[in-house]
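Positions are given from 1 along the sequence. Treat the numbers as computed from the prediction; the structure is a model and nothing was measured.
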Amino acid sequence: HLNQSNDSCDRRSHLERLLQLQKKKAALSLRGPQLDFFAHWRHVVIFEMACQESFAADPDLISRRLKGRISPQEAAQSLDFMMSAGILIKNGQGRLAPVATQIASPEDTSDLQMRKLHHSLLELGMEALQTDDSASEWRGLTVGLMRDQVPLLKTKLREFQKELNA
């Protein structure tokens with residue numbers, strides 16, 4: 001309770017928590033050239049990496065963390081793109097950080113662009129299915145829907161997405 005504490009350390013702790021919550025809710029809605037963010041899965045993945053406190057903007061390290069799925073040059077290109085597009089900035093400590101912890105795709109984003117992104121993410125998922133990773137948890141669910149139930153499902157999925165991003 002920020003305004004009720006007499007202890008400066010306690011107040012600072014509450015303030016930091018409030019700032020974290022405020023940042024978490026902030027989403028960047030991309031426009032214009034920023035929409036190229038959706039052109040390559042590596043932008044999305046590196047952005048999510050940049051949201052972590054331990055992130056280091058080292059293209060060689062990023063390439064290794066992604067198990068060589070991208071080259072250090074591709075990692076550098078993604079970092080350069082996101083910096084020039086204003087998606088990543090240098091923070092007060094001189095480290096690269098996202099301007100917001102979430103990226104929102106505007107309603108008018110090209111279906112083709114989003115389909116290409118999802119296709120590339122599905123390809124990565126297919127590769128992941130081929131690896132033996134005992135840390136993964138695999139589940140499945142098949143649901144039959146009538147045509148008139150699809151709009152309700154879409155609404156529920158959007159609500160679930162907003163809940164995850166909250």
Practice prompt. Determine, step by step, whether Ser54 and Gln52 satisfy the side-chain hydrogen bond (donor to acceptor under 3.5 Å, both in side chains) criterion, reporting the C-alpha distance in whole Å, the side-chain angles of both residues, the deciding distance to 0.1 Å, and the verdict.
Written response: CA-CA 5 Å; Ser54 62; Gln52 304 300 313; 5.7 Å; no

Look only at the side chain of [X] and the backbone of [Y], and say whether a donor-acceptor pair between them is shorter than 3.5 Å.
{"X": "Asp36", "Y": "Ala39", "value": "no"}
{"X": "Arg95", "Y": "Phe55", "value": "yes"}
{"X": "Ser63", "Y": "Ile70", "value": "yes"}
{"X": "Glu48", "Y": "Val45", "value": "no"}

Test of understanding: clusters of I, L, V, M, F, W, Y form through side-chain heavy atoms closer than 4.5 Å, transitively. Do [X] and [Y] belong to the same one?
{"X": "Phe47", "Y": "Leu61", "value": "no"}
{"X": "Leu124", "Y": "Phe37", "value": "yes"}
{"X": "Leu117", "Y": "Leu122", "value": "no"}
{"X": "Leu153", "Y": "Val143", "value": "yes"}
{"X": "Ile87", "Y": "Ile89", "value": "yes"}

If you define the side chain from C-beta out and look only at heavy atoms, does anything of [X] sit under 4.5 Å from [Y]?
{"X": "Gln77", "Y": "Arg42", "value": "yes"}
{"X": "Glu74", "Y": "His40", "value": "no"}
{"X": "Arg115", "Y": "His118", "value": "no"}
{"X": "Lys90", "Y": "Leu96", "value": "yes"}

Work out which heavy atom in [X] is nearest to a heavy atom in [Y]; give both atom names and the distance.
{"X": "Ala100", "Y": "Leu28", "value": "CB-N, 3.7 Å"}
{"X": "Ser78", "Y": "Ile46", "value": "CB-CD1, 3.6 Å"}
{"X": "Ala50", "Y": "Pro98", "value": "O-CD, 3.3 Å"}
{"X": "Pro59", "Y": "Pro72", "value": "CB-O, 3.2 Å"}
{"X": "Ala97", "Y": "Asn91", "value": "CB-ND2, 4.0 Å"}
{"X": "Trp41", "Y": "Leu66", "value": "CZ3-CD1, 4.5 Å"}

When rounded to the nearest 0.5 angstrom, what distance separates [atom1] in [X] from [atom2] in [Y]?
{"X": "Arg69", "Y": "Ile62", "atom1": "CZ", "atom2": "CD1", "value": "15.5 Å"}
{"X": "Met146", "Y": "Leu152", "atom1": "CE", "atom2": "CG", "value": "14.0 Å"}
{"X": "Lys156", "Y": "Glu163", "atom1": "NZ", "atom2": "CD", "value": "11.0 Å"}
{"X": "His43", "Y": "Ile103", "atom1": "NE2", "atom2": "CD1", "value": "11.5 Å"}
{"X": "Leu157", "Y": "Glu159", "atom1": "CG", "atom2": "CD", "value": "9.5 Å"}
{"X": "Met82", "Y": "Gln34", "atom1": "CE", "atom2": "CD", "value": "12.0 Å"}

Worksheet entry | With Asp80 via side-chain contact (heavy atoms from CB on, under 4.5 Å) - residues at least two apart | none

